[in-house]
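Since the structure comes first, as structure tokens, the remarks are kept for the end.
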Amino acid sequence: MRELPKHYDPAATEGRIYQLWLDGGYFRGLADPAKKPFSIVIPPPNVTGQLHLGHAFDNTVQDILTRWKRMSGYAAVWIPGTDHAGIATQIKVEEDLRKEGLTRYDLGREAFTERVWDWKNKYGSRIIEQLKLLGSSCDWSRERFTMDEGCSAAVREVFVRLYEKGLIYKGNRIINWCPDCTTALSDAEVEHEEEPGKLWHIRYPLSDGSGYVTIATTRPETMLGDTAVAVNPKDERYSHLIGRTVKLPLTTREIPVIADDYVELEFGTGCVKITPCHDPNDFEVGQRHSLPQILIMDDNAKIINGGEKYNGLDRYDARKLIVADLTELGLLEKIEEHAHNVGKCYRCGTTVEPITSPQWFVKMEPLAKPAIEVVREGRTKFVPERFSKIYLNWLENVRDWCVSRQLWWGHQIPAWYCADCGEITVSRTDPDTCGKCGSKNIERDPDVLDTWFSSALWPFEVFGWPEKTPDLDFWYPTTVVTPGYDIIFFWVARMIFSGVEHMGDVPFRTAYIHGLVRDEQGRKMQKSLGNGVDPQEVINQYGADALRMNMIFGSSPGNDMRFVTAKCENFRNFANKLWNAARYVMMNLDREQPPERTDADRWILTKLNRLAGSMAENLEAYDLGIAAGKIYDFIYDDFCDWYIEFSKSSVNPAVLTEALSGILKLLHPFMPFITEEIWQTLYNGETALIVETYPLFDADYDSLADNQTALANIEALIASVRALRSVRAEKNVPAGTKSALFIVTDKRGLFESVERHLKKLAYVTDIEYREPDTDCVTAVIPEAKFYLPLADLVDLKAEAVKREKELAKAVSTRDSITAKLANPGFIDKAPANVVDAERERLAKAEALIRQLTV
RNA sequence: GGGAGCGUAGCUCAGCUGGUUAGAGCACCUGCUUUACACGCAGGGGGUCACAGGUUCGAGUCCUGUUGUUCCCACCA
């Protein structure tokens, strides 16, 4: 047998163990009809991504579930892959270009996308390599990329299908525009932030010179695009103005005063400027009243169509100038402080501009309806349940999804415009001619699709859809996905409606939603704050197993967690504890085997069996933190503190090994590296732990009479040792000082069977079952009273005081239980096992009182 | 304007379907080279579970309200 070093060294182990798994092909998922399917698709990280703690958390959860199911006999597969991340990746490459003094326009579309592919091929696997450091047991042979051939085919198929069904359309509608990324964004990609702002009150003179109306606005620059002023039809202050016109200051235009319910009477002045091209509400008002549309900003949010003076100005410069000009004209009535919500681009943080623009939209209502149904019916369950409300609420109110992006990196929209007849041809294969008039004068839409359009198809495209593949048949719907709550809208909801629409079934049975990883102060981890913790450094310092346990231990489903690096130390220590326990086991393998199993042997195996049962319940319920806590406690308390200590006075190497291997199996999904390493040593590399069978609860074994007896005996032994150690510590008895022990008990058999342990663990020389002749230090448990003849330490008075205290406590416990049991309500309504437990407690309290009053 | 989470030991957090004396890690105190581990062992101190009501035989756990805090959604310019 190999000598193990005194300390576990993760850095020297993890790479070797990971390679062992790879070489063994253990991650490979095979659609074996003899087994039950278990499948997870990874939330594909961005190709531009660097491993952060969010990934670490997410992937630990997935790996625990996958390893557990794999060991439980499922045909388990975990599909990895990456997302092309349209905006993020394009920005990255454009930044590189800028260093060379170039823009993407200098290269042109083809050369530019080629360059992005180069970048992807060079750096795109970085995040994948980092995931491996965590121990992720993904089936790497199935790694996918959202822009690989298969995924691209799936995207195209979906686009065409939806178009043919009338669920994708092109329209000139108001969208969110990021002037920095120069692309449209979906509603979900806009983050609203409250900001201090101003409410400018501006006078619009009536055309007939009879006065003016005062409007209030937070964005005065948009007045250049005003095409009306609106008031509420019920507003008597302004009813006389309806139908008249006002002169739009700073322009030569005259615009009408209209009436619309949208205007609030109480807010501002009760008069609203209407800018159909730059405000979603105004857009709708404009539709209702057939107002002209005047677009006053270009792609970079610079003024156009605003007159010579303002054209070309940035929107904020224009605002300053316009406010100054209005002031000069005496048309600025007042400025109020006004906090309001501002939409920001979720990628770059730039304030988005609502503008009208011709874009492609997915019609949401017909897709949302069935997606709402499947969750209501429980065909997909959210864990924790509360997230289903967030999901439902979003889908119930969702507006059409703007899917076109003015980027070059992504899935180019398969639509061709005919210059001759204006027809749009949408096709599965690239057309040469217009589908309507046959003209060759056609041009492809330059835009690409929202990145989330392809990730929405992830759970079926990775199995080969639109082909009908055996894998798809076997593993779809997938078992579970594990995203953070921050991507419920982006990803979870869109996967569900896409799965239901294209596969006719939900994409996953369970959406296990987890919280976000925050820093020690509870802040989000952000580059700009510099508070990010690099998981790779943590792994280097403490080991991947320690990092994994840190993420899982003490976390609860759906809740955020603070990452405290120091906590890793605890789990490094835990790993070392297990390591040394294993060392101990292996050092004792050659010892002589006693003929029978002792109570201690039966005790540890019975407890281990129960542990398997209760951990299974927690794992089934996705309570990973609780399961982790239980195996942790078992290893520290039951196995190391007690069983190994028992084994020092009477060792059964077979049981020692049996218990250790059970522990290794149960712990493996959580701490795969160290458990496999120990397993390899313990069994000389003959088998791999990763494909061993996960322990199940055995009810028959649990109910064996010998095991039940062993449990009772060992629990009494533990209580005895604790009581004796406690009293010795209290009296400051030096550890080296041993003494005889007198036991007064009517359950002599209970102690006779464990005398060896009692002597060893409580520093006892001889045991006698009688009252001692001299004054003694005493300790009491319900089953017995103990006397330690440590004459010079005995303080009779102190002993008496201590006994009195204990007695008082025992009496109060007894009385409260007695009262409880005398309560007919309790006896009638409490479940039998609870009543029994109380009766047992009472018996113990009474026994303790008896011992104390002997 | 709606909705949700959180408030438990000095700190970071568990506490699953209500049921013993509310737990863990770190920190703190007292001992200890006990033949696996000082990345250790033994013993110990520390909590009126935010507050107020209610349901119940029984509430940290369920309900209502208050308060603090964080977040999400929403078209009052």
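Using a 4.0 Å cut-off on heavy atoms, the residues of residues 217-228 of chain A that approach RNA chain B are A/Thr217, A/Thr218, listed by number. For RNA chain B, none of the residues of residues 807-816 of chain A falls under the heavy-atom distance limit of 4.0 Å.
Considering only residues two or more places apart in sequence or on other chains, A/Tyr512 meets the ring pair (Phe, Tyr, Trp, His ring centres under 6.0 Å) condition with A/Tyr622. By the ring pair (Phe, Tyr, Trp, His ring centres under 6.0 Å) test, A/Phe646 is found to be paired with A/Trp603, A/Trp642, A/His757, residues two or more places apart in sequence or in another chain being considered. Contacts of A/Pro249 classified as side-chain contact (heavy atoms from CB on, under 4.5 Å), with partners at least two apart in sequence or in another chain: A/Tyr204, A/Pro205, A/Met223, A/Leu326, A/Leu331. The ring pair (Phe, Tyr, Trp, His ring centres under 6.0 Å) search around A/Tyr636 returns A/Phe574, A/Tyr632, not counting sequence neighbours. Checked against side-chain contact (heavy atoms from CB on, under 4.5 Å), A/Lys760 has the following partners two or more places apart in sequence or in another chain: A/Lys648, A/Ser649. In this structure A/His514 satisfies the ring pair (Phe, Tyr, Trp, His ring centres under 6.0 Å) test together with A/Phe57, sequence neighbours excluded. A/Asp235 meets the side-chain contact (heavy atoms from CB on, under 4.5 Å) test with A/Asn232, A/Arg237, A/Tyr238, A/Leu265; sequence neighbours excluded.
A side-chain donor-acceptor contact under 3.5 Å links A/Asp545 to the backbone of A/Phe673. When atom types are taken as modelled, the side chain of A/Ser650 and the backbone of A/Ser647 share no donor-acceptor pair closer than 3.5 angstrom. Side chain of A/Thr269 to main chain of A/Thr214: a donor-acceptor pair is present (N/O by atom type, distance under 3.5 Å, no hydrogens or angles).
For the pair A/Arg219 and A/Glu353, the salt-bridge criterion is met [side-chain N within less than 4.0 Å of a carboxylate O]. Between A/Glu838 and A/Arg841 there is a salt bridge, since at least one side-chain N of the basic residue sits less than 4.0 Å from a carboxylate O of the acidic one.
If you take CD1 of A/Ile635 and C1' of B/A36, they are 14 Å apart, rounded to a whole angstrom.
By the 5.5 Å and 30° criteria, A/His7 is stacked with the base of B/C39.
Using a 4.0 Å heavy-atom criterion, one finds that A/Ala581 contacts the bases of the nucleic acid, with or without backbone contacts as well. Within 4.0 Å (heavy atoms only), A/Ala830 reaches at least one base atom of the nucleic acid. Counting any heavy atom pair closer than 4.0 Å across all strands shown, A/Tyr632 reaches sugar-phosphate atoms only and no base atom. Residue A/Phe489 is in sugar-phosphate contact alone, with no base atom involved, counting any heavy-atom pair closer than 4.0 Å across all strands shown.
The side chain of A/Lys760 places no N or O atom within less than 4.0 Å of a non-bridging phosphate oxygen (OP1 or OP2) of B/U35. A close approach under 4.0 Å does not occur between any side-chain nitrogen or oxygen of A/Arg518 and OP1 or OP2 of B/U70. An OP1 or OP2 oxygen of B/G44 is reached within less than 4.0 angstrom by a side-chain nitrogen or oxygen of A/Ser726.
A donor-acceptor pair shorter than 3.5 Å cannot be found between the side chains of A/Lys6 and A/Asn580. In the model, A/Ser388 has a side-chain atom that pairs as donor or acceptor with a side-chain atom of A/Glu385 under 3.5 Å. Looking only at atom types and distance, the side chain of A/Tyr542 has no donor-acceptor partner in the side chain of A/Asn573 under 3.5 Å away. With 3.5 Å as the limit, one finds a donor-acceptor pair spanning the side chains of A/Ser556 and A/Asn559.
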Its contact letters, B for base, S for sugar-phosphate only and - for none at protein heavy atoms under 4.0 Å, make nucleotides 6-14 of chain B read ------SSS
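Counting only Watson-Crick and G-U wobble pairs whose two key distances fall under 3.5 Å, RNA chain B forms stems of three or more stacked pairs at B:1-7 with B:67-73, B:10-13 with B:23-26, B:28-32 with B:40-44, B:50-54 with B:62-66.
Closest to the A/Cys640 side chain, of the nucleotides B/G19, B/C16, B/A36, is B/A36.
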Anything under 3.5 Å between a protein N or O and an N or O of nucleotides 74-76 of chain B, put it in a table, one pair a line.
| unit_1 | atom_1 | unit_2 | atom_2 | d |
| --- | --- | --- | --- | --- |
| B/A74 | N6 | A/Asn341 | ND2 | 2.8 |
| B/C75 | O2' | A/Asn281 | ND2 | 2.3 |
| B/C75 | N1 | A/Asn281 | OD1 | 2.9 |
| B/C75 | O2 | A/Asn281 | OD1 | 2.5 |

